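Working notes, structure below.
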Amino acid sequence: MLVRLATVIALVLGIATAHADEAVYRFSPVNQWDINKTAAYWNPIIQYVSEKSGVKLQLKIGRTSADTTSYVLAQEVEFVFTNHLFSPERESLGWKVFGRRNAPPLRGQIAVPADSPITRVEELKGQEVAFAGPEAFIGYKVPYAYLISKGVDVKTVFGGNQNAAMAQLFAGKAKAVGSNSMLVEGYANREGKKFRVLWTSEPYHDLALMASGRVPDKDLKAVSAAFFGMHKDPRGMEILHRASQEVGLNSDAYFIPASGADYVSYRKFYQSAPATLR
């Protein structure tokens, strides 16, 4: 009986140890849409990547993009999809770019409804302009830096995510919205709204897939291979297609290898950005 009991205990301890050794990595993508749409886009993708790589990923997003970024800065996650980590201070945290979406370049934009009487950026002086949040690089920092450079002082309204900022615009709570070109186009396609774009920035690469320095190299290689192979697998391509449709993207953007060198334009922005945006 004692031998049998010892065997059972050893077996249970062995199973528990095996489960404890199975790493689960948190994946935090920036809230480009509201929580439901962000989850609808990313959950099928990370489930596919988890299955293909044998490395378990788990979605972790906050209520707003700023909340999600706070998880990253607190080192509560191991993988991210973001462009919030290229300031000099945050680059010292050791995050490594390994991929990006194969999407057209993103451009910061300032837009109004197509039927708005406003036709020039200068007419926004003293008016409410909606943005996703203070962490949004292309959707807030880039257009707001332009407004400052032109001496156009506006009343900032943060929606928490881009959908909410767009909704405030069309509800009349803001006269204009700051966003990026992909999200403006996606919202127009999804909601049947029309915009007049008042200003467009220089191009920037789409957000980066990045890994914490705590992720072992073998796990990072497996996850990378799964992301980069999605569009070569019929099931993976179908998942990308459905995810893109869910959020109003025109193209089924897939993932390709990238490095920090692809994000030089982000670093260049911080060299001359107003101190309040660094």
Side-chain angles (χ1 to χ4, degrees), residues 28-32 61-77 79-98 100 105-111 121-122 124-162 164-165 174 176-184 198-213 258-278:
S28 284
V30 165
N31 307 45
Q32 293 187 293
I61 51 176
R63 186 179 59 84
T64 67
S65 61
D67 291 340
T68 299
T69 296
S70 73
Y71 299 151
V72 179
L73 299 179
Q75 300 186 30
E76 295 177 9
V77 302
F79 286 93
V80 297
F81 181 70
T82 187
N83 57 3
H84 295 179
L85 298 175
F86 295 115
S87 66
E89 296 80 7
R90 293 180 181 182
E91 285 211 300
S92 67
L93 297 176
W95 288 87
K96 178 182 178 181
V97 175
F98 68 91
R100 63 180 177 86
L106 303 179
R107 296 173 185 269
Q109 292 188 329
I110 298 171
V121 167
E122 289 75 13
L124 295 174
K125 193 166 187 175
Q127 302 293 335
E128 292 83 3
V129 178
F131 301 93
E135 286 287 355
F137 179 83
I138 299 174
Y140 168 63
K141 293 187 178 184
V142 170
Y144 197 71
Y146 175 77
L147 290 169
I148 292 174
S149 73
K150 292 299 179 182
V152 180
D153 186 22
V154 301
K155 298 174 183 176
T156 302
V157 179
F158 290 131
N161 61 68
Q162 198 61 65
V177 68
S179 185
N180 76 52
S181 50
M182 182 189 75
L183 297 181
V184 168
L198 304 181
W199 172 81
T200 299
S201 77
E202 65 177 292
Y204 293 86
H205 276 313
D206 194 10
L207 283 63
L209 286 168
M210 304 177 76
S212 163
S259 72
D262 293 307
Y263 293 88
V264 171
S265 58
Y266 286 79
R267 298 184 185 93
K268 182 181 176 183
F269 169 86
Y270 285 110
Q271 290 172 6
S272 59
T276 56
L277 298 177
R278 293 176 190 170

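Keep in mind the model is a prediction, meaning the values are calculated, not measured.
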*Rounded to the nearest 0.5 Å, what's the gap from CG on L93 to OG on S212? Could you check?*
9.5 Å
_Near-ring test F86/F137, centroid separation under 6.0 angstrom_ = no
_Which residues pass the side-chain hydrogen bond (donor to acceptor under 3.5 Å, both in side chains) test with S70, not counting sequence neighbours?_
none
*How far does CZ of F81 sit from CZ of R100, to the nearest 0.5 angstrom?*
10.0 Å
*Decide yes or no on side-chain contact (heavy atoms from CB on, under 4.5 Å) for L147 and V121, but give the supporting numbers first.*
CA-CA 8 Å; L147 290 169; V121 167; 3.5 Å; yes
*Flag yes if more than 12 heavy atoms outside R63 fall under 6.0 Å of its CZ atom; otherwise flag no.*
no
*With sequence neighbours excluded, tell me which residues meet salt bridge (charged side-chain N to carboxylate O under 4.0 Å, His left out) with D262.*
none
*Identify the two heavy atoms, one from P143 and one from G178, that lie closest to each other, and give their separation to 0.1 Å.*
CG-CA, 4.4 Å
Please output the side-chain donor-acceptor pairs of residues 270-278 that fall under 3.5 Å, not counting sequence neighbours, one pair per line with the distance.
unit_1	atom_1	unit_2	atom_2	d
R278	NE	A273	O	2.7
R278	NH2	A273	O	2.7

*Hey, what do you get for CZ (F158) to CD (E135), rounding to the nearest 0.5 Å?*
10.0 Å
*All side chain to side chain contact (heavy atoms under 4.5 Å, CB included) counterparts of A165, not counting sequence neighbours*: A130, Q162, V177
*Output, in order, the C-alpha distance, side-chain angles, deciding distance and verdict of side-chain contact (heavy atoms from CB on, under 4.5 Å) for S201 and R107.*
CA-CA 5 Å; S201 77; R107 296 173 185 269; 3.9 Å; yes
*Where do T200 and Q109 land on the side-chain contact (heavy atoms from CB on, under 4.5 Å) test, with the steps shown first?*
CA-CA 5 Å; T200 299; Q109 292 188 329; 3.4 Å; yes
*Nearest atoms (heavy-atom pairs only) where G260 meets V97*: N-CB, 3.8 Å
_Contact summary for F131 and G139, nearest pair of heavy atoms_ = CD2-O, 3.2 Å
*Sequence neighbours excluded, which residues qualify as side chain to side chain contact (heavy atoms under 4.5 Å, CB included) partners of E122?*
R120
*Would Y144 and V154 count as a side-chain contact (heavy atoms from CB on, under 4.5 Å) if you check the C-alpha gap in whole Å, the side-chain angles of each, and the deciding distance to 0.1 Å?*
CA-CA 9 Å; Y144 197 71; V154 301; 3.8 Å; yes
_Under the side chain to side chain contact (heavy atoms under 4.5 Å, CB included) test against L106, which residue among L183, V142, N180 passes?_
N180
_Donor-acceptor pair, side chain of S92 and main chain of E89, under 3.5 angstrom_ = yes
*Taking the side chain as C-beta and beyond, is there a heavy-atom pair between Q32 and L207 under 4.5 Å?*
yes
_Pairs flagged by salt bridge (Lys or Arg N to Asp or Glu O under 4.0 Å) wherever residues 144-160 is involved - sequence neighbours left out_ = none
*Rounded to the nearest 0.5 Å, what's the gap from CH2 on W95 to CD on Q75? Could you check?*
8.0 Å
*Working to the nearest 0.5 Å, report the span between CG of N83 and CZ of F269.*
11.0 Å
*Identify the two heavy atoms, one from G62 and one from N31, that lie closest to each other, and give their separation to 0.1 Å.*
O-ND2, 2.9 Å
*asked:* Contact between V129 and Y140 at the side-chain level, heavy atoms closer than 4.5 Å - yes or no?
replied: no
*Which pair of non-hydrogen atoms, one from V72 and one from S28, has the smallest distance, and what is that distance?*
CG2-CB, 4.3 Å
*Which heavy-atom pair separates A176 from L124 by the least distance, and what is that distance?*
CB-CD2, 3.7 Å
*Can you measure from OG1 (T69) to CD1 (I61) and round to the nearest 0.5 angstrom?*
12.0 Å
